[in-house]
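Taking it in order: structure first as structure tokens, then the write-up.
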Protein chains: 2
Amino acid sequence: MQVPGKLKNYSEEPVTTLEMVAAEAGVSPSTVSRFLNGTAKVSEIKRRAIEVAIKKLSFVSNPIASGLAGGKSHSIGIITQVFGSPYYGQAMVGIEEILIAANYAPLFVSSHWREDFELGCINFLEGRRVDGIIILSACLPDEVLLERSIRTPMVVTSRMLSSERLHSFNFDNYTGAKMATEHLIGLGHTRIAFLKGISSHHDAIERFKGYRAALKAHNLPFDPKLCVQGQFMETGGEAATLKLLDSGSRFTAIFASNDQMAYGAALALYNRGLRVPDDISLVGFDDLLNSSFMIPPLTTVRHSIREIGKIAAVTMLKLIAGETHASDNPAPELVIRKSTRSCPI
Amino acid sequence: MQVPGKLKNYSEEPVTTLEMVAAEAGVSPSTVSRFLNGTAKVSEIKRRAIEVAIKKLSFVSNPIASGLAGGKSHSIGIITQVFGSPYYGQAMVGIEEILIAANYAPLFVSSHWREDFELGCINFLEGRRVDGIIILSACLPDEVLLERSIRTPMVVTSRMLSSERLHSFNFDNYTGAKMATEHLIGLGHTRIAFLKGISSHHDAIERFKGYRAALKAHNLPFDPKLCVQGQFMETGGEAATLKLLDSGSRFTAIFASNDQMAYGAALALYNRGLRVPDDISLVGFDDLLNSSFMIPPLTTVRHSIREIGKIAAVTMLKLIAGETHASDNPAPELVIRKSTRSCPI
DNA sequence: TTGAAAGCGTTACCAG
DNA sequence: CTGGTAACGCTTTCAA
């Protein structure tokens, strides 16, 4: 196969253009375009001819060209915190599902919980002329988000701000955490340790509030020594638990404010010869895919992060379309498995 | 803020174009373009002027437009099997890292281990005019891959085919599996169950071969009843282990050919009151992030899937650049943790 | 080395 | 409803 120098694509096969379809169908390019986008009514006759031509030439519209001409790329950027994450990974599944179905290309990038990276991601995506940006658990301050959304519409999770060009929503972290804590209280636990998430994180703050509210509602004292920072990561949860154990404080249960920290806690407990749930009850938050395979299976709060992803994508599509229907936040649900039992003492 | 009808972008702020930069710098657009792409030498004087103009106007080249004009999108598509996966997720991390640094946009899509979806993904990406496609553990038959790569260059993992337009590579599954099995044999185990992965999967086949080779090398009999299908998933591993347990076959160790199945096996064992490693030793494959947090921490074969992702991306970039340097396959390594011990009987 | 001009494949505006 | 004609912002001959 010889490759003529002129060809941009390696393959010889000429790419069918809209113009060729128009010629084949005996109409103008404008009409084909209108038919493709439903921009205006096209007579039955021509519509037929166009359809036939498209099929015959197996034409596929070039999004690059239409992006240039139409001023939009039909792609939307998604800023996630980490790619490997079991948490954000699920959100991505939901987002992809919706976007692909709507024929939008998802542009996933990650910002590693760093404000500067997040800004870099926004710049990268804007450079790519995405039609909108979805940010999962944004780090950037509200003002920056609001300001940037003027250029490119945004959907942000784990926040509660909103404007003409920025929608945000969240599930109820507070209630979820309260439910988890109350489950433990209901089992007779009174000294419940709490593993905190990233302190600047909206979700982390709400979960902490829910924990304290449950304590208060049941007239249980709040002991700051029982609350340790775990950074929402497995290693953090492990270190926090070790710290707790070494502090000498008494407790019969641990509420890790996300499942990943619960995994770490379980390992720390295991390494110290403590059994879950016999010695210590353990509750997580998120219900990651792995949690039902933890040993013992983890009691946790489910809120379908995948659903969150779908809602975010749908909201983005609506925002682009100019609709402003606010979306409902999914409700959290307690999933009781084997990591909790009645207080042994 | 009033929005004039003409504006494509919501924001008022005019987007700087290459033409404006040219005007500002007092040179022609062609020169600016050449400077930007290094297509031709530009005199020191003009180069300076252009740099200043770019800075002043904070110009960012429009990839959509250059894509149209240049015939390439500066984006590359990545087909992964599942988004939420702890395995492919790591590969994505590696790919993103390389691509973003090279200023290429990664277009991640997932095909759920289905040939038809994989074909759909390729079509979607081709429609987007990506400059190349990376497929992680492709499902499609070799011929199809080879044929499609004529249009768009490809890098495929878990395969061993190659052509002018298609590079593929893999780590050594066979050796990794052999190492894992021999570790068990070294501990005195003679009846080692094997959890098989997706049977059509190249990696799965190689791992199975490695297992059998180790057995043979140590004069141990191969018992087909000890080999059960687990589909590379947690649930599959659980079901397979249950089946094994119910079959009445005797075994003192399980080699799950990926970590996810090992998680399922651990759960099945736990639910049947069997302890790891006291009653049954367990070995996995992949060394997922979670494996060091499994209880007990899982002995497994590490091969850095993230590294695989980086290699795939680098290879793709080279392929596009016209270079043909084949990349090295990373070597597998046995990570011994707490899920294995000497044979109790 | 540089500029002018002709696209790249669509969409959008404007008459008809 | 439809066709013609400009863009869209950049790259790439082709001359100079």
Side-chain angles (χ1 to χ4, degrees), chain A residues 4-9 14-50 53-54 57-75 103 126-129 131, chain B residues 4-9 14-50 53-54 57-75 103 126-129 131:
Chain A
K6 290 221 54 161
L7 275 185
K8 304 270 178 73
N9 300 307
V15 178
T16 316
T17 70
L18 180 147
E19 207 174 335
M20 296 165 65
V21 172
E24 173 75 27
V27 301
S28 77
S30 324
T31 304
V32 178
S33 173
R34 282 190 278 255
F35 165 75
L36 253 28
N37 304 295
T39 317
K41 240 171 263 175
V42 175
S43 72
E44 196 53 34
I45 294 277
K46 309 212 167 189
R47 143 172 286 142
R48 279 254 179 291
I50 294 173
I54 288 180
L57 276 51
S58 65
F59 164 75
V60 182
S61 172
N62 182 337
I64 306 287
S66 66
L68 218 214
K72 50 190 141 288
S73 62
H74 238 70
S75 70
N103 202 34
E126 276 193 350
R128 285 273 155 187
R129 305 298 194 272
D131 298 336
Chain B
K6 289 220 57 161
L7 274 184
K8 303 271 177 71
N9 300 309
V15 179
T16 316
T17 68
L18 180 147
E19 206 174 337
M20 297 165 66
V21 173
E24 173 74 29
V27 301
S28 77
S30 328
T31 306
V32 179
S33 171
R34 284 189 276 254
F35 165 75
L36 254 27
N37 305 297
T39 318
K41 240 172 262 175
V42 175
S43 72
E44 197 53 34
I45 295 276
K46 311 214 166 191
R47 144 172 284 145
R48 279 253 180 290
I50 294 173
I54 287 180
L57 276 49
S58 66
F59 164 75
V60 183
S61 172
N62 181 336
I64 306 287
S66 65
L68 218 213
K72 51 189 136 290
S73 62
H74 238 68
S75 69
N103 202 32
E126 276 193 349
R128 285 272 155 188
R129 306 297 194 270
D131 297 336

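Note that these values count all heavy atoms, side chains included, but never hydrogens, waters or copies made by symmetry. Proteins get letters first, then strands, A, B, ... in listed order; numbering begins at 1 in each. Predicted model, so just to flag it, every value in this text is computed and none were measured.
The CD1 atom of B:I50 sits 12 Å away from the C1' atom of C:dG3 (whole-angstrom rounding). At whole-Å resolution of the value, CG in A:L36 and C1' in C:dT10 are 10 Å apart. Look at CD1 on B:I64: it is 13 Å from C1' on C:dG9, rounded to the nearest Å. Atoms CD1 (A:I45) and C1' (D:dG3) sit 18 Å apart, rounded to a whole Å. One atom, CD1 of B:I54, and another, C1' of D:dC10, lie 13 Å apart when rounded to the nearest Å. Going from atom CG of B:N37 over to atom P of D:dC10 covers 11 Å, rounded to whole Å. Rounded to an integer number of Å, the gap from NZ of A:K72 to C1' of D:dC8 is 12 Å. Atom CG in B:L68 sits about 8 Å away from atom C1' in D:dC8, given to the nearest Å.
Here C:dT10 is the nucleotide among D:dT11, D:dT2, C:dT10 with the atom lying nearest to any side-chain atom of A:E19. Of the candidate nucleotides C:dG7, D:dT13, C:dT10, C:dT10 has the atom lying nearest to any side-chain atom of A:S66. Set against C:dT2, D:dG9, D:dC1, the side chain of B:A40 has C:dT2 as its closest nucleotide. Set against D:dC10, D:dT2, C:dG9, the side chain of A:T17 has C:dG9 as its closest nucleotide.
Regarding contacts with the backbone of D:dT11, every side-chain N or O of B:T39 stays at 4.0 angstrom or more from both OP1 and OP2. A sub-4.0 Å separation between OP1 or OP2 of D:dT11 and a side-chain N or O of B:S33 is present. For B:N62 and D:dC8, the shortest distance from a side-chain N or O to OP1 or OP2 is not below 4.0 Å. Side-chain nitrogen and oxygen atoms of B:K46 include at least one within less than 4.0 Å of the OP1 or OP2 phosphate oxygen of C:dG3.
Summary of the strand contacts: B:T31 and B:A65 both lie near DNA chain D, and taking for each the nucleotide with the nearest heavy atom, the more 5' one is attributed to B:A65. When the nearest nucleotides of DNA chain C are assigned to A:L18 and B:V27 by heavy-atom distance, the more 5′-ward of the two goes with B:V27. Judged by closest nucleotide on DNA chain D, A:K41 is the one of B:S61 and A:K41 placed further toward the 5' end. The 5' end of DNA chain C is approached more closely, in terms of each residue's nearest nucleotide, by B:P29 than by the other of B:P29 and B:R129.
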Exercise for the section: Take B:L68 and B:I64 through the side-chain contact (heavy atoms from CB on, under 4.5 Å) test and state the conclusion after the steps. Expected result: CA-CA 6 Å; B:L68 218 213; B:I64 306 287; 6.0 Å; no

Practice task
Under the side-chain contact (heavy atoms from CB on, under 4.5 Å) rule, what do A:F35 and A:V27 come out as? Steps first, then yes or no, please.
Solution key: CA-CA 11 Å; A:F35 165 75; A:V27 301; over 6 Å; no

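Atom OG of A:S33 is separated from atom CD1 of A:I50 by 10.0 Å, given to the nearest 0.5 angstrom.
Listed for the B:N37 side chain is no donor-acceptor partner under 3.5 Å among the backbone atoms of B:T39. At least one donor-acceptor pair closer than 3.5 Å links the side chain of A:R129 to the backbone N or O of A:G127.
If you check every strand for non-hydrogen atoms under 4.0 Å, A:S28 touches a base. Base contact: B:S30 has a heavy atom under 4.0 Å from a base atom. Residue B:F59 is in sugar-phosphate contact alone, with no base atom involved, counting any heavy-atom pair closer than 4.0 Å across all strands shown. Within 4.0 Å (heavy atoms only), A:V42 reaches sugar-phosphate atoms of the nucleic acid but no base atom.
In terms of heavy atoms, A:F59 sits closest to A:L18 at CE1-N, 3.3 Å.
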